[in-house]
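Single-structure report; data block below.
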Amino acid sequence: MTEEPKEKDLYRDTPVRYLGYANEIGESFRAFLPVSAVWGSYGVAYAYAIADASSKGYKAYHDTHADESTRRKKTAIAVVDTFLWQSFASVLIPGFTINRICKLSDYVFRRITKLPPTARKLTVTCIGLGSIPFIIKPIDHSVDYIMDRTFRTKFNSTAADEHEEKRP
C-alpha cells in the first residue's frame with residue numbers, strides 16, 4: 001500500500017520559511033543597522049506569521065465538511081493557533097533571545113577585550129547569527145508544550161502536529 005504524497009506547505013516546506021528568521025537576523029545585525037531596519041525585520045517576520053496563519057485558516061475552512069458555524073469555528077481556531085505559535089516561536093522569543101545574547105556578548109567583550117569597535121560589533125553579530133540554530137528547537141518545543149497545555153486544551157486544537165519540524 002503506498003502513501004499519498006504529503007501536500008507541500010508553502011510556509012514550512014519551501015525557502016519562504018526563512019522569512020520567519022528575518023527578525024533574528026535583524027537582531028544579530030543590530031550593531032550595524034539603524035533601529036528602523038531592525039524593526040523592519042520584525043515586520044517581515046510578522047508578515048510571514050500572518051501569511052502562514054491565513055494559509056492555515058484558508059485550508060481549515062476548505063478542508064472542513066461541516067455546517068457553516070463549525071467551519072468558521074475551525075477556521076478561527078486554526079488562524080489563532082498558528083498566529084500565536086508563530087508570534088511566540090518565530091518572532092518574540094527568538095528575537096528577545098538573540099537580542100540578549102548579543103547584548104551580553106557586547107558587554108563581555110567591552111569589559112575583557114580591547115577589540116576595536118568594528119571588530120567587537122562584527123564578533124557580536126557572528127555570535128548572534130551562530131546562536132540561531134541552537135535556540136530554534138528548544139523554543140519551538142517549549143511553545144508547543146505551553147500551547148498544548150493552554151490554548152489547545154481550551155479549544156481542542158490539533159494544530160500541534162502542524163508545527164512539528166516546521167523550522168530547520
Side-chain angles (χ1 to χ4, degrees), residues 8-61 75-110 115 117-152 154-155 157 159-168:
K8 194 174 207 175
D9 185 332
L10 173 67
Y11 297 97
R12 299 193 184 156
D13 301 327
T14 70
V16 170
R17 73 174 184 237
Y18 294 114
L19 292 173
Y21 291 108
N23 64 308
E24 293 148 274
I25 304 299
E27 285 294 348
S28 294
F29 279 96
R30 182 179 280 273
F32 293 107
L33 297 174
V35 173
S36 60
V38 176
W39 284 110
S41 72
Y42 277 85
V44 170
Y46 263 116
Y48 167 81
I50 291 167
D52 188 25
S54 299
S55 170
K56 299 307 173 280
Y58 180 86
K59 185 175 187 281
Y61 184 82
T75 300
I77 290 170
V79 168
V80 172
D81 183 276
T82 302
F83 185 73
L84 283 174
W85 193 92
Q86 288 286 5
S87 292
F88 286 108
S90 296
V91 183
L92 297 173
I93 297 171
F96 177 78
T97 304
I98 297 297
N99 177 284
R100 296 295 84 193
I101 288 170
C102 290
K103 187 75 169 173
L104 179 62
S105 299
D106 187 54
Y107 175 78
V108 168
F109 282 116
R110 282 178 188 264
L115 286 174
T118 303
R120 187 186 72 249
K121 289 177 182 180
L122 185 58
T123 304
V124 168
T125 297
C126 290
I127 290 169
L129 291 171
S131 66
I132 294 170
F134 297 102
I135 69 168
I136 298 305
K137 295 278 186 203
I139 291 171
D140 288 356
H141 292 300
S142 297
V143 171
D144 271 332
Y145 179 84
I146 292 166
M147 286 190 65
D148 286 347
R149 281 146 188 82
T150 56
F151 179 84
R152 293 176 181 154
K154 173 101 173 127
F155 294 100
S157 172
D161 297 336
E162 292 284 327
H163 300 296
E164 283 300 312
E165 304 301 321
K166 98 154 194 50
R167 292 177 68 156

Note to self: For Ala22 versus Val44, what's the shortest heavy-atom pair and its separation?
What the structure shows: CB-CG1, 3.6 Å
Next item on the list: Taking all non-hydrogen atoms of both residues into account, name the closest pair between Ser41 and Gly26 and its distance.
Entry: OG-CA, 3.5 Å
Check: More than 12 foreign heavy atoms under 6.0 Å from OH of Tyr46: is that the case here?
Finding: yes
Check: Can you check side chain to side chain contact (heavy atoms under 4.5 Å, CB included) on Arg152 and Trp85, steps first, answer last?
Finding: CA-CA 11 Å; Arg152 293 176 181 154; Trp85 193 92; 3.5 Å; yes
Checklist line | Asp13 side-chain N/O to Asp9 backbone N/O, donor-acceptor pair under 3.5 Å | finding: yes
Notebook entry, point to check: Got a second to check how far Leu122's CG is from Thr118's OG1, nearest 0.5 Å?
Noted result: 8.5 Å
Next item on the list: Verify whether the ring centers belonging to Phe155 and Phe151 lie closer than 6.0 Å.
Entry: yes
Checklist line | Straight-line distance of Trp39 CH2 to Leu33 CG, nearest 0.5 Å | finding: 14.0 Å
Checklist line | Ile101 CD1 to Phe96 CZ distance, which is reported to the nearest 0.5 Å | finding: 10.5 Å
Check: Any salt bridge between Asp106 and Arg110, counting N to O under 4.0 Å?
Finding: yes
Note to self: side chain to side chain contact (heavy atoms under 4.5 Å, CB included) for Phe88 and Ile146? Distances and angles first, verdict last.
What the structure shows: CA-CA 11 Å; Phe88 286 108; Ile146 292 166; over 6 Å; no
Check: If you look at every heavy atom in Tyr11 and Arg17, which pair is closest and at what distance?
Finding: O-CB, 3.3 Å
Note to self: Give me the atom names and distance for the closest heavy-atom approach of Cys102 to Ser28.
What the structure shows: SG-CA, 4.0 Å
Notebook entry, point to check: Between Gly95 and Glu27, what is the shortest heavy-atom contact and its length?
Noted result: O-CG, 3.6 Å
Checklist line | Any donor-acceptor pair under 3.5 Å from Ser55 side chain to Ala51 backbone | finding: no
Next item on the list: Could you tell me whether the side chain of Asn23 and the main chain of Val91 form a donor-acceptor pair under 3.5 Å?
Entry: yes
Next item on the list: Determine whether more than 12 heavy atoms belonging to other residues, nucleotides or ligands lie under 6.0 Å from atom CZ of Phe32.
Entry: yes
Check: What are the two closest heavy atoms between Ser142 and Pro138, and how far apart are they?
Finding: OG-O, 2.7 Å
Notebook entry, point to check: Would you say the side-chain atoms of Ser131 pair up with the backbone N or O of Gly128, donor to acceptor, closer than 3.5 Å?
Noted result: yes
Note to self: As an exercise, state the distance from CD1 of Ile139 to CD of Glu24, rounded to the nearest 0.5 Å.
What the structure shows: 7.0 Å
Next item on the list: Take Tyr21 and Tyr18, measure what side chain to side chain contact (heavy atoms under 4.5 Å, CB included) needs, and give me the verdict at the end.
Entry: CA-CA 5 Å; Tyr21 291 108; Tyr18 294 114; 3.4 Å; yes
Notebook entry, point to check: Rounded to the nearest 0.5 Å, how far does CD1 of Ile98 lie from CD1 of Ile135?
Noted result: 3.5 Å
